Protein chains: 2
Amino acid sequence: MEKSKNKKNVRVNYGLAQKQVLANAGVKITFLRSKILAFAMDSKKPFSFEDVFLALRDTGIHRATIFRNLSLFKDAQILREVDMRQDAMFYEIATKGHHHHVVCKICGCVESFDMCGLDNLVEEFIKNSKEFDKISEHSFEMFGVCKKCYKKK
Amino acid sequence: MEKSKNKKNVRVNYGLAQKQVLANAGVKITFLRSKILAFAMDSKKPFSFEDVFLALRDTGIHRATIFRNLSLFKDAQILREVDMRQDAMFYEIATKGHHHHVVCKICGCVESFDMCGLDNLVEEFIKNSKEFDKISEHSFEMFGVCKKCYKKK
DNA sequence: TGCCCAATGCGACCGAGTCGCATTTGGGAT
DNA sequence: ATCCCAAATGCGACTCGGTCGCATTGGGCA
Ligand SMILES: [Zn+2]
Ligand SMILES: [Zn+2]
Ligand SMILES: [Zn+2]
Ligand SMILES: [Zn+2]
């Protein structure tokens, strides 16, 4: 796979899909951004800074660059943050649509569900609220022990 | 107000309610623990390390002591952690029973609701889950802009 | 009252995330 | 293709929440 390090006359493959997404979001296309985005698009579950860092360590990418781009992608609505109750923040592709997770309290594995079913309940909360007229977002994360971890005990 | 610093023959008021709670949880009773717990019991909403530190700064309490005791109280089921999507972790009295919050995205103010109404939905998720048999906890946090902040714009 | 171990103070340390600055690079204009 | 400049990156210092090990203090009990 091509690397941007090769000094001159290099035709870098930025990836078609990633290029599309970045251009569409009005974000300048660079080698590292397309790499980070490619990783994000391939990932089957929410990922952390650490995951990106490990995946791209052979490019010599700097930590700050990853943080800056994750933050940029979040602002550009390319990624969204997911709170997994771990030390670090997790991310996932924002186009995946609203959904929720079940997280294993032991191994940290994640199962995603596209269903939500919370709109009625949110309405209920607003009706009873003294201080809020409108609720624009919600997070609903479930926690348990996955089948694999349960067997191991 | 009494301080434990006064050298000798000081009758320190540990607070009846706090003493009860600590003894009940099998936790040794000290001046600072009763102060932290008193603050926690008085607090109308989830509080952070910072809140405790400010409230007790006149006692000269050390940062590490607060962290250690918040952690201890969590393990002893006196407090529970609440994730408010801020930098720092928040806490609230664990006996307050299961409930949920609406958090203002601007000023960070919080409204609590004793209702849950998610048990059915959680059941639904378990039925559809491939990797989990049982969900032991869930978090459900809502986010919006409070009436006060909305007016200011 | 005095003893012993747990609680505290203290300061070094850690790791996630940020910032300012020097260097490099993407991409539009020529 | 080349030039050029703003924007992206590397770099390392810094901030801040939180932890740790060790020396000192003070609860609780005999
Ligand atoms: Zn597991
Ligand atoms: Zn939902
Ligand atoms: Zn507000
Ligand atoms: Zn609930």
Side-chain angles (χ1 to χ4, degrees), chain A residues 2-15 18-19 22-23 25-37 47-54 56-76 81 83-91, chain B residues 2-15 18-19 22-23 25-37 47-54 56-76 81 83-91:
Chain A
E2 321 81 336
K3 314 237 298 226
S4 65
K5 286 184 172 181
N6 302 328
K7 277 288 167 278
K8 287 184 194 298
N9 292 27
V10 181
R11 185 168 302 275
V12 178
N13 175 12
Y14 281 139
Q18 292 83 278
K19 206 166 172 177
L22 292 171
V27 169
K28 197 161 156 180
I29 298 160
T30 71
F31 176 75
L32 292 172
R33 283 181 185 169
S34 100
K35 285 291 180 191
I36 294 173
L37 186 53
F47 58 89
S48 65
F49 157 82
E50 199 63 22
D51 297 324
V52 180
F53 189 57
L54 291 176
L56 302 195
R57 67 186 172 296
D58 56 342
T59 66
I61 192 170
H62 195 271
R63 302 171 58 259
T65 301
I66 297 177
F67 282 119
R68 279 190 284 233
N69 281 320
L70 290 177
S71 177
L72 175 76
F73 288 177
K74 189 187 85 177
D75 293 346
E81 290 184 338
D83 185 347
M84 309 276 286
R85 280 197 188 176
Q86 324 267 118
D87 301 344
M89 184 54 69
F90 282 67
Y91 300 84
Chain B
E2 322 80 337
K3 311 243 294 239
S4 63
K5 287 182 172 183
N6 301 328
K7 275 291 168 280
K8 285 185 193 303
N9 292 29
V10 181
R11 185 167 302 275
V12 178
N13 175 13
Y14 282 137
Q18 290 82 278
K19 204 166 171 176
L22 292 171
V27 169
K28 197 160 156 181
I29 297 160
T30 72
F31 176 74
L32 291 171
R33 283 180 184 170
S34 98
K35 285 290 179 192
I36 294 172
L37 186 53
F47 58 91
S48 65
F49 158 82
E50 199 63 22
D51 298 323
V52 179
F53 189 58
L54 290 176
L56 302 195
R57 65 187 173 294
D58 57 342
T59 66
I61 192 171
H62 194 272
R63 293 165 18 83
T65 301
I66 297 176
F67 282 117
R68 279 190 285 233
N69 280 321
L70 289 177
S71 175
L72 174 76
F73 288 176
K74 189 188 86 176
D75 292 344
E81 290 184 339
D83 186 345
M84 310 277 285
R85 281 198 187 175
Q86 322 267 120
D87 301 343
M89 184 56 68
F90 282 67
Y91 299 84

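Just so you know, these numbers come straight off a predicted model, no measurement behind them. Values reported hereafter were calculated over all heavy atoms of this structure, with side chains retained and with hydrogens, waters and symmetry mates removed.
- A close approach under 4.0 Å does occur between a side-chain nitrogen or oxygen of Thr30(B) and OP1 or OP2 of dT8(C).
- For Phe67(A), counting side-chain heavy atoms from C-beta on, the closest listed nucleotide (dG9(C), dT9(D), dT18(C)) is dT18(C).
- Looking only at distances, a side-chain donor or acceptor of Asp51(B) sits under 3.5 Å from a matching main-chain atom of Ser48(B).
- Contact of the Arg63(A) side chain with the Ile66(A) side chain is not registered, since no non-hydrogen atoms from C-beta on lie closer than 4.5 Å.
- Comparing Met89(B) and Arg63(A) by the nucleotide of DNA chain D whose heavy atom lies nearest to each, the residue mapping closer to the 5' end is Arg63(A).
- Proximity of a side-chain donor or acceptor of Arg33(B) to a complementary backbone N or O of Lys28(B) within less than 3.5 Å is detected.
- Between the CD atom of Gln86(B) and the P atom of dG17(C) there is a distance of 16 Å, given to the nearest Å.
- Closest-nucleotide positions on DNA chain C for Arg68(A) and Glu50(A) were compared, and the one nearer the 5' end corresponds to Glu50(A).
- Between Asp87(B) and Val27(B), the residue whose closest nucleotide on DNA chain D is further toward the 5' end is Asp87(B).
- Nearest to the side chain of Lys28(B), among dG17(C), dA7(C), dG10(D), sits dA7(C).
- Look at CZ on Phe53(B): it is 10 Å from P on dG9(C), rounded to the nearest Å.
- Look at CD on Glu81(A): it is 16 Å from P on dA16(C), rounded to the nearest Å.
- Of the listed nucleotides (dG27(C), dT9(D), dC19(C)), dC19(C) has the atom at the smallest distance from the side chain of Ala64(A).
- Taking only side-chain nitrogens and oxygens, Arg33(B) comes nearer than 4.0 Å to OP1 or OP2 of dA7(C).
- A straight line from CD1 of Ile66(B) to P of dA7(C) spans 16 Å, rounded to a whole angstrom.
- The CZ atom of Phe31(B) sits 17 Å away from the P atom of dA7(C) (whole-angstrom rounding).
- For the pair Phe31(B) and Thr59(B), the minimum side-chain heavy-atom distance is below 4.5 Å.
- Spacing between atom NE2 of His62(B) and atom P of dA23(D) amounts to 16 Å, rounded to whole angstrom units.
- Between Lys35(A) atom NZ and dG26(C) atom P the separation is 13 Å, expressed in whole Å.
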### Message
Applying ring-ring contact (aromatic ring centres under 6.0 Å, His included) to Phe90(B) and Phe47(B), what does each step give before you reach the verdict?
### Response
CA-CA 5 Å; Phe90(B) 282 67; Phe47(B) 58 91; 8.2 Å; no

